[in-house]
Amino acid sequence: MRPEIEIKLAVYDPRAIRRRLAELGFRRISRRRFERNLLYDFPDRRLRKAGSLVRLRFAGSRSLLTFKGRQVHQGRFKERPEIESGVSDGLETGRVLEALGLRAAFRYEKYRALYRKPGDRAHNEVTFDETPIGTYIELEGPRRWIDRLARALGYSPGDYISASYGRLYLEWCQSNGREPSDMVFERSPKSSSDK
């Protein structure tokens, strides 16, 4: 199981961050695309209670199944074991998960673009995420690489976010007086069929 080490950073000026990434030699390696994510759990929420998750992601024509284990260290970085694999049919994979007793417990959406620096290690990457609760970048790689890049982008360790999008969504609902449900974009009646 490969450990995932990452942080999120809130983005208040998307154009400035994209420009700074380009100045630092990063190139967008995937176009901006819509992602729909379903987190699965058992009815008794045992995965959540254990600090783990099973996620089924639909991104364009790709579907990914991911398991993330309990966070290894508490601190400014989010580090947890991760297993991820592409699946040929996300809908059928969802049916398999349900046949095993899991249920879709939380749904969240975002638009994501992936950035890498030519010559960097394969797992050193920046994702640019536009979500219903704000825009964030995620830096994934070794701790020193994350620290250097965050500093070069104008952030300090006090800006690091190790919370999941689910946790950020609950905090956003609480501070905005909203009842939590799923973290999805509001749709006009014409686009409501896009589920």
Side-chain angles (χ1 to χ4, degrees), residues 4 6-15 17-18 21 28-43 45 47-48 51-69 71 78 80 82-98 102-116 125-140 159-195:
E4 172 191 58
E6 69 177 19
I7 62 162
K8 290 179 182 66
L9 298 165
V11 173
Y12 303 104
D13 187 344
R15 182 179 290 169
I17 290 295
R18 286 187 189 104
L21 284 169
R28 191 174 70 187
I29 62 165
S30 73
R31 62 180 176 76
R32 177 185 181 261
R33 69 176 165 207
F34 177 74
E35 287 186 0
R36 185 169 54 98
N37 299 274
L38 297 170
L39 298 185
Y40 283 83
D41 205 340
F42 295 97
R45 304 275 186 173
L47 292 177
R48 182 176 179 190
S52 300
L53 69 82
V54 171
R55 180 184 65 209
L56 185 56
R57 172 173 287 164
F58 299 87
S61 61
R62 293 183 63 206
S63 298
L64 292 168
L65 181 63
T66 305
F67 169 80
K68 294 189 182 198
Q71 192 163 327
K78 183 179 193 177
R80 62 195 309 188
E82 178 184 71
I83 305 169
E84 188 166 72
S85 181
V87 294
S88 61
D89 188 330
L91 294 176
E92 285 299 308
T93 301
R95 289 186 184 103
V96 169
L97 295 173
E98 289 176 2
L102 291 118
R103 299 290 176 257
F106 180 63
R107 181 170 57 117
Y108 66 100
E109 299 174 339
K110 62 187 171 190
Y111 288 90
R112 172 172 271 191
L114 178 64
Y115 292 79
R116 282 202 188 116
E125 59 188 35
V126 177
T127 56
F128 195 96
D129 292 342
E130 300 163 67
T131 81
I133 61 167
T135 302
Y136 298 87
I137 54 173
E138 287 187 351
L139 311 183
E140 182 176 343
D159 299 314
Y160 292 11
I161 300 168
S162 62
S164 67
Y165 280 121
R167 171 59 47 202
L168 291 175
Y169 172 68
L170 289 175
E171 291 171 2
W172 181 88
C173 285
Q174 186 174 26
S175 63
N176 287 281
R178 299 264 182 106
E179 189 65 33
S181 59
D182 290 323
M183 190 178 89
V184 296
F185 292 102
E186 292 183 20
R187 289 181 173 72
S188 67
K190 289 182 182 179
S191 63
S192 63
S193 63
D194 179 25
K195 301 219 184 229

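Just so you know, these numbers use all the heavy atoms, side chains as well, and skip hydrogens, waters and symmetry mates.
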Could you report the tightest heavy-atom contact between [X] and [Y], atom names first, then the distance?
X	Y	result
Arg80	Gly69	NE-O, 2.8 Å
Tyr40	Leu56	CE1-CB, 3.9 Å
Phe128	Arg18	CE2-NH2, 3.1 Å
Lys8	Ala163	NZ-O, 3.0 Å
Pro180	Leu170	CB-CD2, 3.7 Å
Tyr136	Ile161	CE2-CD1, 4.0 Å

A side-chain contact here means heavy atoms from C-beta on lying under 4.5 Å apart; do [X] and [Y] qualify?
X	Y	answer
Leu114	Glu125	yes
Leu65	Leu97	yes
Glu4	Glu84	no
Tyr160	Leu9	yes

Please determine whether the number of non-hydrogen atoms from other residues, nucleotides or ligands lying under 6.0 Å from atom CZ of Arg33 exceeds 12.
yes
Can you confirm whether more than 12 heavy atoms, excluding those of Arg167, are under 6.0 Å from its CZ atom?
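It does not: Arg167 CZ has 12 such atoms or fewer within range.
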May I ask you to decide whether [X] forms a salt bridge with [Y], counting only side-chain N to carboxylate O separations under 4.0 Å?
X	Y	value
Lys78	Glu138	no
Arg95	Glu98	no
Glu82	Lys68	yes

So, taking the atom named [atom1] in [X] and the one named [atom2] in [Y], what distance separates them when rounded to the nearest 0.5 Å?
X	Y	atom1	atom2	answer
Glu35	Thr131	CD	OG1	11.5 Å
Leu39	Leu102	CG	CG	11.5 Å
Ile7	Ser162	CD1	OG	9.5 Å

Donor-acceptor check, side chain of Asp41 to backbone of Arg48, threshold 3.5 angstrom: yes or no?
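At least one qualifying donor-acceptor pair exists.
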Could you tell me whether a side-chain N or O of Glu109 sits under 3.5 Å from a main-chain N or O of Phe185, the two making a donor and an acceptor?
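Here the side-chain-to-backbone pair exists.
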Report the C-alpha distance between Asn37 and Lys110 in whole Å, list the side-chain angles of each, state the deciding distance to 0.1 Å, and finish with yes or no for side-chain contact (heavy atoms from CB on, under 4.5 Å).
CA-CA 9 Å; Asn37 299 274; Lys110 62 187 171 190; 4.1 Å; yes
Please assess Asp182 against Phe106 for the test side-chain contact (heavy atoms from CB on, under 4.5 Å), listing each intermediate value before the final yes or no.
CA-CA 6 Å; Asp182 290 323; Phe106 180 63; 3.9 Å; yes
Test Asn176 against Ile133 for side-chain contact (heavy atoms from CB on, under 4.5 Å), laying out the working first.
CA-CA 10 Å; Asn176 287 281; Ile133 61 167; over 6 Å; no
Does the side chain of Asp129 pick up a donor-acceptor pair with the side chain of Tyr165 at under 3.5 Å?
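Result is yes, a qualifying pair exists.
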